[in-house]
Amino acid sequence: MSNSLASKLLAEFIGTFAFVFIGAGAAAVVGDGVGLPGITAIAFAHGLTIMVFAFAYGTVSGGHMNPAVTVGVLAVGAMRAGEAAGYIVSQLVGGVIGALVLGAVLGGAATGLGTPALAHDLALGATTVAVSPAAGFVIEAVLAFFLVTVVLGTAVAGRAGNLAPLAIGMTLTLNIIMGGALTGAAFNPARALGPMIVTGNLSDAWLYMAAPIVGAIVAALVHTGLTRLARQPATTAEPAQPVQTPAG
């Protein structure tokens with residue numbers, strides 16, 4: 001393994017470890033049923049962690065810290081398949097180790113370790129809502145679509161310059177404010193799988209693995225399509241030619 005690749009994989013491991021330890025840790029400490037203020041605190045814990053580690057490691061590995069982001073970057077041709085596979089393994093291992101350390105400092109898995117779950121009997125206005133697996137899949141996929149779209153449009157395309165980590169962190173924060181009470185708003189297989197493995201709660205694990213990947217691929221397709229459209233020169237209509245008629 002080259003030193004360059006090793007440094008990238010280590011950066012992805014550390015960043016994902018921190019993301020799960022802090023983000024899932026905040027979810028475990030704040031707990032369920034805390035309303036918008038609690039969800040906002042959890043959202044900022046995740047968003048700020050991604051932002052600061054993207055600033056720290058963006059020039060090393062790109063600061064993905066999410067297998068869905070890596071799949072999106074791979075799909076637009078901005079990295080090689082072998083490198084992407086290494087990223088994903090490092091992220092998943094970082095997520096599991098982060099959850100293990102979190103469980104150790106919290107005295108075990110009884111807190112749930114911030115494991116994402118579909119809402120049941122969630123009070124919304126005058127009614128209660130239960131999020132079905134199908135609805136949860138759509139929510140997680142759409143949230144991943146938003147995140148990967150911002151990553152591709154800022155960090156990969158270079159449109160936001162040095163502010164790309166800020167845009168990415170704020171996108172993640174806003175996503176969790178919207179979806180946190182509905183699905184736990186993981187939209188990151190490493191963030192979901194780490195606590196699930198440590199707690200032994202693999203309920204709907206397929207959803208939290210697959211939905212973000214689907215959202216990432218759709219984001220990559222849209223990004224590629226928009227990029228190609230933007231590169232096409234605008235067409236102008238040719239001036240109408242006068243119709244020649246035989247002299248009468």
Side-chain angles (χ1 to χ4, degrees), residues 11-58 61-70 72 91-92 94-99 101-103 105-106 111-119 136 139-151 154-155 163-196 198-199 208-209 211-212 215-216 219:
E12 288 298 307
F13 170 83
I14 295 172
T16 311
F17 170 91
F19 182 61
V20 171
F21 185 80
I22 296 173
V29 170
V30 172
D32 298 327
V34 292
L36 185 58
I39 292 172
T40 302
I42 294 168
F44 273 100
H46 286 82
L48 291 175
T49 303
I50 284 290
M51 182 185 73
V52 298
F53 277 91
F55 273 121
Y57 291 141
S61 68
H64 297 185
M65 295 168 276
N66 183 338
V69 171
T70 299
Q91 292 156 359
L92 293 174
V96 172
I97 300 299
V101 175
L102 181 62
V105 299
L106 294 182
T111 64
L113 304 182
T115 302
L118 302 180
I139 293 168
E140 289 288 304
V142 170
L143 296 180
F145 170 84
F146 292 152
L147 177 63
V148 176
T149 294
V150 173
V151 170
T154 58
L163 293 179
L166 176 61
I168 295 166
M170 289 308 299
T171 302
L172 196 140
T173 301
L174 296 173
N175 278 357
I176 295 176
I177 290 175
M178 183 276 164
L182 301 174
T183 64
F187 51 97
N188 179 336
R191 163 66 180 85
L193 192 61
M196 284 181 170
V198 175
T199 60
Y208 290 99
M209 299 300 105

Review point. Under the 3.5 angstrom rule, does the side chain of Asn66 hit a backbone N or O of Phe187 as a donor-acceptor pair?
Key: yes
Exercise for review: Measure across Gly136 and Leu118 and return the closest heavy-atom pair with its distance rounded to 0.1 Å.
Suggested key: CA-CD2, 3.9 Å
Point to revise | Any donor-acceptor N/O pair, Asn175 side chain to Ala185 backbone, under 3.5 Å | key: no
Revision key, fill the gap. One should read off an interatomic distance between Asn188 CG and Leu143 CG, to the nearest 0.5 angstrom, of 12.0 Å
Review point. How close do Thr111 and Ala28 get, heavy atom to heavy atom, and via which atoms?
Key: OG1-CB, 3.9 Å
Check your understanding: Measuring from Thr154:OG1 to Leu166:CG, what's the distance to the nearest 0.5 Å?
Key -> 10.0 Å
Review point. Phe17 vs Phe21 aromatic rings, parallel, tilted or perpendicular, using cut-offs 30° and 60°?
Key: parallel
**Study point:** Value rounded to 0.5 Å, distance of OG1 in Thr173 from CD1 in Ile39
**Key:** 13.5 Å
**Study point:** Minimal non-hydrogen separation, Ala192 against Ala186, with atom names
**Key:** CB-CB, 4.0 Å
Review point. Can you find a pair of side-chain heavy atoms, one from Leu36 and one from Ile177, that are under 4.5 Å apart?
Key: yes
Check your understanding: Which atom pair, heavy atoms only, marks the closest approach of Leu113 to Ala99?
Key -> CD1-O, 3.8 Å
**Study point:** Evaluation steps, side chain to side chain contact (heavy atoms under 4.5 Å, CB included), between Leu174 and Phe146
**Key:** CA-CA 10 Å; Leu174 296 173; Phe146 292 152; over 6 Å; no
Review point. Is the number of heavy atoms from other residues, nucleotides or ligands within 6.0 Å of CE (Met209) greater than 12?
Key: yes
**Study point:** Side-chain heavy-atom pair Leu193, Tyr208 within 4.5 angstrom cut-off
**Key:** no
Check your understanding: What's the spacing between Thr183 OG1 and Met178 CE if we round to 0.5 Å?
Key -> 8.5 Å
Check your understanding: Side chains of Ile168 and Leu172: closer than 4.5 Å at any heavy-atom pair?
Key -> no
Point to revise | Minimal non-hydrogen separation, Gln91 against Thr16, with atom names | key: O-CG2, 3.2 Å
Revision key, fill the gap. In short, Ala211 meets Glu140 closest at the heavy-atom pair CB-CB, 3.7 Å
Study note, to complete from the structure: So CD1 of Ile22 and CD1 of Ile42: to nearest 0.5 Å the spacing works out to 14.0 Å
Check your understanding: Do other residues, nucleotides or ligands put more than 12 heavy atoms under 6.0 Å from Phe44 CZ?
Key -> no
Check your understanding: Distance from Thr171 atom OG1 to Ile50 atom CD1, nearest 0.5 Å?
Key -> 11.0 Å
Point to revise | Pairs involving residues 43-54, ordered by first then second residue, that meet side chain to side chain donor-acceptor pair (under 3.5 Å) (sequence neighbours left out) | key: His46-Arg191
